[in-house]
Amino acid sequence: MSLGQQLAPHLPFLRRYGRALTGSQAEGDRYVRATLEAIVAAPEEFPRDVDPRLGLYRTFQAIWGSSQIDDHEADHAGGSDQEAIARARLARIAPLSRQALLLTAMEGFTVEDTAYLIDVDTAEVDALVADALAEIEQQTRARVLVIEDEPIIAMDLETIVRDLGHEVTGVAVTRDEAVALAMEDRPGLVLADIQLADDSSGIDAVKDILAQFNVPVIFITAFPERLLTGERPEPTFLITKPFQRSTVKAAISQALFFDQSTVPAGA
């Protein structure tokens with residue numbers, strides 16, 4: 001099997017990581033593209049002594065760390081508002097901490113693998129993750145609408161949201177109910193399942209809500225590859241079912257991290 005064939009299944013998830021790290025589909029995809037170009041240009045430098053997915057993320061991390069993306073191009077490729085928000089928040093958070101958080105909580109790497117990817121000792125990873133969560137949670141508070149038709153999952157999401165210090169505005173199980181709740185009590189964040197109780201779509205519910213006002217959205221699905229196709233638009237924040245509580249916490253923190261409404265005054 002060629003290297004390209006080995007890496008192909010992992011690309012949707014690398015795109016997810018890039019977008020969560022940057023807060024921008026365009027910028028995240030740009031880093032992924034630069035990663036692939038680097039591999040094609042020098043395949044002999046690709047790490048062959050580790051799992052292909054680990055080697056792919058390691059190459060991405062090298063690109064990210066060396067800033068091989070043209071800043072002028074990035075400034076003119078969309079997402080400038082999010083980038084400004086990111087700069088304000090990043091002044092308060094060590095980037096390495098955020099990488100450790102996303103790699104462990106969202107991408108599911110072990111502490112040992114994460115240590116390899118960000119080039120630190122394993123003992124540092126847990127501390128970095130704790131630092132990132134503490135800093136982000138201190139900066140962001142929101143009112144959250146949950147769109148989820150499975151009662152147990154909905155209850156779990158409510159608990160996670162409240163444990164993070166946020167408020168739940170309501171739980172919707174259908175598209176129409178979700179839109180009605182959003183219009184009645186405007187949320188600052190939406191957690192949306194894809195398939196709802198009456199066979200309606202969480203994606204359609206979100207489209208209806210976004211037609212009325214802007215709000216950060218985190219999609220939840222058992223089939224993330226259906227949404228991470230490389231076509232536009234795609235969700236910036238995506239959780240895979242079954243999920244870990246830490247994954248949801250990381251996604252919520254990242255979504256609010258890039259949300260204008262939660263930027264501290266004077267940032």
Not counting sequence neighbours, list each pair that qualifies as a salt bridge (charged side-chain N to carboxylate O under 4.0 Å, His left out) and has a residue in residues 114-128.
none
Does anything in residues 201-218 form a salt bridge (charged side-chain N to carboxylate O under 4.0 Å, His left out)? List the pairs, not counting sequence neighbours.
Arg175-Asp204, Arg175-Asp208
Is Leu210 reachable from Leu238 through a run of hydrophobic residues whose side-chain heavy atoms are each under 4.5 Å from the next?
yes
Look at the side-chain heavy atoms of Ile, Leu, Val, Met, Phe, Trp and Tyr, link any pair under 4.5 Å apart, and say whether Val171 and Leu157 land in one connected group.
yes
Side-chain donor/acceptor pairs under 3.5 Å, residues 178-190, sequence neighbours excluded:
| from | atom 1 | to | atom 2 | distance (Å) |
| --- | --- | --- | --- | --- |
| Asp185 | OD1 | Arg143 | NH1 | 2.8 |
| Asp185 | OD1 | Arg143 | NH2 | 2.9 |
| Asp185 | OD2 | Arg143 | NH2 | 2.9 |

Go through the structure and list residues passing side chain to side chain donor-acceptor pair (under 3.5 Å) with Ser200, not counting sequence neighbours.
Asp198
Testing Ile118, Val111, Thr110 one by one against Leu103 for a side-chain contact (heavy atoms from CB on, under 4.5 Å), which residue passes?
Ile118
Listing request: all ring-ring contact (aromatic ring centres under 6.0 Å, His included) pairs with a residue in residues 189-217, at least two apart in sequence or in separate chains.
none
I'd like to know whether Arg30 forms a side-chain hydrogen bond (donor to acceptor under 3.5 Å, both in side chains) with Thr22, so could you lay out the CA-CA distance, the side-chain angles of the two residues, the decisive distance to 0.1 Å, and finally the verdict.
CA-CA 10 Å; Arg30 195 158 38 250; Thr22 62; over 6 Å; no
When you compare the side chain of Pro47 with that of Asp49, does any pair of heavy atoms fall below 4.5 Å?
yes
Heavy-atom pair with the smallest gap, counting every atom of Leu145 and Gly170:
CD1-O, 3.4 Å
Rounded to the nearest 0.5 Å, the CG atom of Asp29 sits from the CZ atom of Arg19 at a distance of 3.5 Å
Does any part of the side chain of Ile39, heavy atoms only, come nearer than 4.5 Å to the side chain of Thr35, both counted from C-beta?
yes
Pairs touching residues 35-55 that satisfy ring-ring contact (aromatic ring centres under 6.0 Å, His included), sequence neighbours left out:
none
Checking Ala211 now: which residues fulfil side-chain contact (heavy atoms from CB on, under 4.5 Å) with it, not counting sequence neighbours?
none
Hey, could you give me each pair passing salt bridge (charged side-chain N to carboxylate O under 4.0 Å, His left out) that has a residue in residues 53-64? Not counting sequence neighbours.
Arg53-Glu107
Among all residues two or more places apart in sequence or in another chain, which pass the side-chain contact (heavy atoms from CB on, under 4.5 Å) test with Lys241?
Glu148, Glu150, Ile153, Asp193, Ile220, Ala222, Phe243
Partner of Leu14 under side-chain contact (heavy atoms from CB on, under 4.5 Å), chosen from Leu7, Leu56, Leu36:
Leu56
Heavy-atom distance under 4.5 Å between the side chains of Glu177 and Leu196, does that happen here?
no
Between His166 (side chain only) and Val161 (backbone N and O only), is there a donor and an acceptor less than 3.5 Å apart?
no
Any Phe60 side-chain heavy atom under 4.5 Å of Val32 side chain
yes
Shortest non-hydrogen contact from Ile63 to Ala34?
CG2-CB, 3.9 Å
To the nearest 0.5 Å, what is the distance between CG (Leu117) and OH (Tyr17)?
7.5 Å
If hydrophobic clusters are built by linking Ile, Leu, Val, Met, Phe, Trp and Tyr wherever their side-chain heavy atoms come under 4.5 Å apart, do Phe219 and Val215 end up in the same one?
yes
Val173 and Val168: same hydrophobic cluster, using ILVMFWY side-chain contacts below 4.5 Å?
no
Using the test side-chain contact (heavy atoms from CB on, under 4.5 Å), find all partners of Asp199 that sit at least two apart in sequence or belong to another chain.
Gln195
Which residues pass the side-chain contact (heavy atoms from CB on, under 4.5 Å) test with Gln244, sequence neighbours left out?
Ser246, Thr247
Testing the basics here: between Asp163 and Arg245, what is the closest heavy-atom pair and its distance to 0.1 Å?
OD2-NH2, 3.1 Å
Any pair with a residue in residues 36-48 that passes side chain to side chain donor-acceptor pair (under 3.5 Å), sequence neighbours left out, goes on the list, sorted by first then second residue, please.
none
